[in-house]
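Worksheet: one structure, shown below.
A note on names: the letters A, B, ... follow the listed sequences, proteins ahead of strands, and every chain is numbered from 1. The figures here come from the full heavy-atom set of this structure, side chains too, leaving out hydrogens, waters and symmetry mates. None of these values were measured; they are calculated from a predicted model.
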Number of protein chains: 2
Amino acid sequence: METSDLKKAGLKVTLPRMKILEILENSETRHLTAEAIYRELLDSGEEIGLATVYRVLTQFEAAGLVCRLHLEGSQAVFELERGGHHDHIVCNQCGRVEEFFDETIETRQREIARQHGFSIKDHALVLYGDCSDSACPHRPV
Amino acid sequence: METSDLKKAGLKVTLPRMKILEILENSETRHLTAEAIYRELLDSGEEIGLATVYRVLTQFEAAGLVCRLHLEGSQAVFELERGGHHDHIVCNQCGRVEEFFDETIETRQREIARQHGFSIKDHALVLYGDCSDSACPHRPV
DNA sequence: CGGCTCGATGATCAAGATTCTCATTTCTAT
DNA sequence: ATAGAAATGAGAATCTTGATCATCGAGCCG
Ligand SMILES: [Mn+2]
Ligand SMILES: [Mn+2]
Ligand SMILES: [Zn+2]
Ligand SMILES: [Zn+2]
């Protein structure tokens with residue numbers, strides 16, 4: 001969000017980078033594919049290459065500004081890094097993504113890793129199901 | 001393993017299908033990529049196409065005979081469905097995969113999904129870390 | 001402000017994984 | 001054994017993402 005974050009990461013403050021950050025901040029969908037960001041930029045009249053979007057997102061990821069997630073789709077999704085770690089629930093029908101953090105699960109993960117002689121560094125947890133959104137095509141009546 | 005499993009799934013009993021099942025059963029590595037299976041077949045003198053391996057594995061998955069996992073590699077890995085559900089720990093250094101099942105985590109997942117109004121259908125949980133295998137290049141002394 | 005230098009960009013190409021197409025082969029049931 | 005349907009293999013195609021390279025622009029100095 002701050003241009004200082006870019007400078008801190010050793011990245012020049014450029015128009016494509018600021019526009020991509022802007023979209024990640026302002027989109028009601030916190031979780032976006034590279035292509036969704038690209039299309040949004042095109043729609044708003046920006047001239048940008050898809051390769052730049054992928055490149056910039058990868059740099060942002062390395063700088064800790066965004067997270068890359070693989071949510072059972074062919075394309076990765078990106079989200080702004082704020083708040084801190086959390087995991088995800090995805091609706092199989094409408095694709096809606098919700099976030100959660102559960103200390104019980106986090107703790108058990110560490111215990112399990114230790115039992116197996118692993119020093120845990122990271123984890124990926126995604127729950128899949130059917131949501132109760134009124135707009136969800138599979139909404140239970 | 002049984003040809004009856006194939007017939008039950010509405011699949012003809014063919015040589016490629018039986019050979020693939022055989023490899024999934026006998027490999028010491030329970031988790032194999034499609035290409036690993038393909039290479040193993042070639043090495044043992046079978047004439048098979050990579051497309052067939054992918055096709056058959058996808059059919060096996062649909063029939064519930066195998067599971068497809070995405071373990072932080074570009075390629076999916078497949079494993080024979082037996083025992084029942086479990087999750088995975090992967091070593092970042094040597095790629096070793098261990099399995100675990102934790103009822104505490106499973107229960108919390110259901111509770112979290114319910115709190116969010118989701119009817120949970122499935123989940124993916126992978127822990128990443130460094131293992132303590134003597135052959136692991138990163139083994140802590 | 002004007003120019004310099006190197007990182008950034010955009011267009012295109014390339015790579016890797018997986019699926020699709022289609023002619024040919026192989027099962028399976030009769 | 002034969003016919004009909006399904007499966008196979010070879011290769012093309014697709015999709016996502018990263019690499020190349022000539023051009024452009026941000027940051028810096030005077
Ligand atoms: Mn998130
Ligand atoms: Mn497993
Ligand atoms: Zn939904
Ligand atoms: Zn290891």
When you compare the protein's N or O atoms with those of nucleotides 27-30 of chain C, which come within less than 3.5 Å of each other, and at what distance?
| unit_1 | atom_1 | unit_2 | atom_2 | d |
| --- | --- | --- | --- | --- |
| C:dC27 | O2 | B:Lys12 | NZ | 3.1 |
| C:dT28 | OP1 | B:Val13 | N | 2.8 |
| C:dT28 | OP1 | B:Val13 | O | 3.4 |

Has the side chain of [X] got a donor or acceptor atom that lies under 3.5 Å from a matching backbone atom of [Y]?
X: A:Ser27; Y: A:Ile23; result: no
X: B:Ser132; Y: A:Gly117; result: yes
X: B:Arg17; Y: B:Val56; result: no
X: B:Thr29; Y: B:Leu32; result: no

Mind listing the side-chain donor-acceptor pairs of residues 41-50 of chain A below 3.5 Å, one per line with the distance, residues two or more places apart or on another chain?
| unit_1 | atom_1 | unit_2 | atom_2 | d |
| --- | --- | --- | --- | --- |
| A:Ser44 | OG | A:Glu40 | O | 3.3 |
| A:Ser44 | OG | A:Leu41 | O | 3.0 |

Checklist entry - Residues two or more places apart in sequence or in another chain: which of them pass side-chain contact (heavy atoms from CB on, under 4.5 Å) with B:Ala124? => result A:Tyr128

Checklist entry - Between B:Arg108 and B:Glu111, does at least one N-O distance fall below 4.0 Å, as a salt bridge requires? => result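 B:Glu111 and B:Arg108: salt-bridged.
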
Could you check how far [atom1] of [X] sits from [atom2] of [N], rounded to whole Å?
X: B:Leu69; N: C:dT18; atom1: CG; atom2: P; value: 12 Å
X: B:Glu46; N: D:dA10; atom1: CD; atom2: P; value: 13 Å
X: B:Glu47; N: D:dA7; atom1: CD; atom2: P; value: 21 Å
X: B:Leu57; N: D:dA7; atom1: CG; atom2: C1'; value: 15 Å

Checklist entry - Which pair of non-hydrogen atoms, one from A:Gln109 and one from B:Ile105, has the smallest distance, and what is that distance? => result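 A:Gln109 and B:Ile105 have their closest heavy atoms at CG-CD1, 4.1 Å.
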
Checklist entry - Minimum heavy-atom separation for A:Val53 to A:Ala34, with atom names? => result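 Closest approach of A:Val53 to A:Ala34: CG1-O, 3.5 Å.
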
Next on the checklist: Just to verify, what does A:Arg96 make a side-chain hydrogen bond (donor to acceptor under 3.5 Å, both in side chains) with, not counting sequence neighbours?
Outcome noted: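 Only A:Glu98, A:Asp133 meet the side-chain hydrogen bond (donor to acceptor under 3.5 Å, both in side chains) criterion with A:Arg96.
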
Checklist entry - Which residues satisfy the side-chain hydrogen bond (donor to acceptor under 3.5 Å, both in side chains) test with B:Glu22, sequence neighbours excluded? => result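 By the side-chain hydrogen bond (donor to acceptor under 3.5 Å, both in side chains) rule, B:Glu22 matches no residue at all.
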
Next on the checklist: Suppose we screen for ring-ring contact (aromatic ring centres under 6.0 Å, His included). Which residues come up paired with B:His116, at least two apart in sequence or across chains?
Outcome noted: none

Name each donor-acceptor pair under 3.5 Å that joins a side chain in residues 84-92 of chain B to protein atoms two or more places apart or in another chain, with its distance.
| unit_1 | atom_1 | unit_2 | atom_2 | d |
| --- | --- | --- | --- | --- |
| B:His85 | NE2 | B:Asp87 | OD2 | 3.3 |
| B:His85 | NE2 | B:Glu106 | OE2 | 3.1 |
| B:His85 | NE2 | B:His123 | NE2 | 3.0 |
| B:His86 | ND1 | B:Gly84 | O | 3.3 |
| B:His86 | NE2 | B:Glu79 | OE1 | 3.3 |
| B:His86 | NE2 | B:Glu79 | OE2 | 3.2 |
| B:His86 | NE2 | B:His88 | NE2 | 3.2 |
| B:His86 | NE2 | B:Glu99 | OE2 | 3.1 |
| B:Asp87 | OD1 | B:His123 | NE2 | 3.3 |
| B:Asp87 | OD2 | B:His123 | NE2 | 3.4 |
| B:His88 | NE2 | B:His31 | NE2 | 3.1 |
| B:His88 | NE2 | B:Glu79 | OE2 | 3.3 |

Checklist outcome for this item: In numerical order, the residues of residues 36-45 of chain B whose heavy atoms come under 4.0 Å of DNA chain D are none

Pairs under 3.5 angstrom, nitrogen or oxygen only, protein versus nucleotides 17-21 of chain D, please.
| unit_1 | atom_1 | unit_2 | atom_2 | d |
| --- | --- | --- | --- | --- |
| D:dT17 | OP1 | A:Ala76 | N | 3.0 |
| D:dT17 | OP2 | A:Tyr54 | OH | 2.4 |

Checklist entry - How long is the span from the CG atom in A:Leu24 to the CG atom in A:Leu80, to the nearest 0.5 Å? => result 5.0 Å

Checklist entry - Given axes from five pairs at either end, by how many degrees does the helix from C:dC1-D:dG30 to C:dT30-D:dA1 bend, rounded to 10°? => result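 That helix has its two terminal axes inclined by roughly 30°.
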
Produce the list of close N/O pairs, under 3.5 Å, pairing protein atoms with atoms of nucleotides 1-4 of chain C; give distances to one decimal.
none

For residues 61-74 of chain A, tabulate all N or O donor-acceptor pairs below 3.5 Å that involve a side-chain atom, not counting sequence neighbours.
| unit_1 | atom_1 | unit_2 | atom_2 | d |
| --- | --- | --- | --- | --- |
| A:Glu61 | OE1 | A:Arg68 | NE | 3.1 |
| A:Glu61 | OE1 | A:Arg68 | NH2 | 3.1 |
| A:Arg68 | NH2 | A:Thr58 | OG1 | 3.1 |

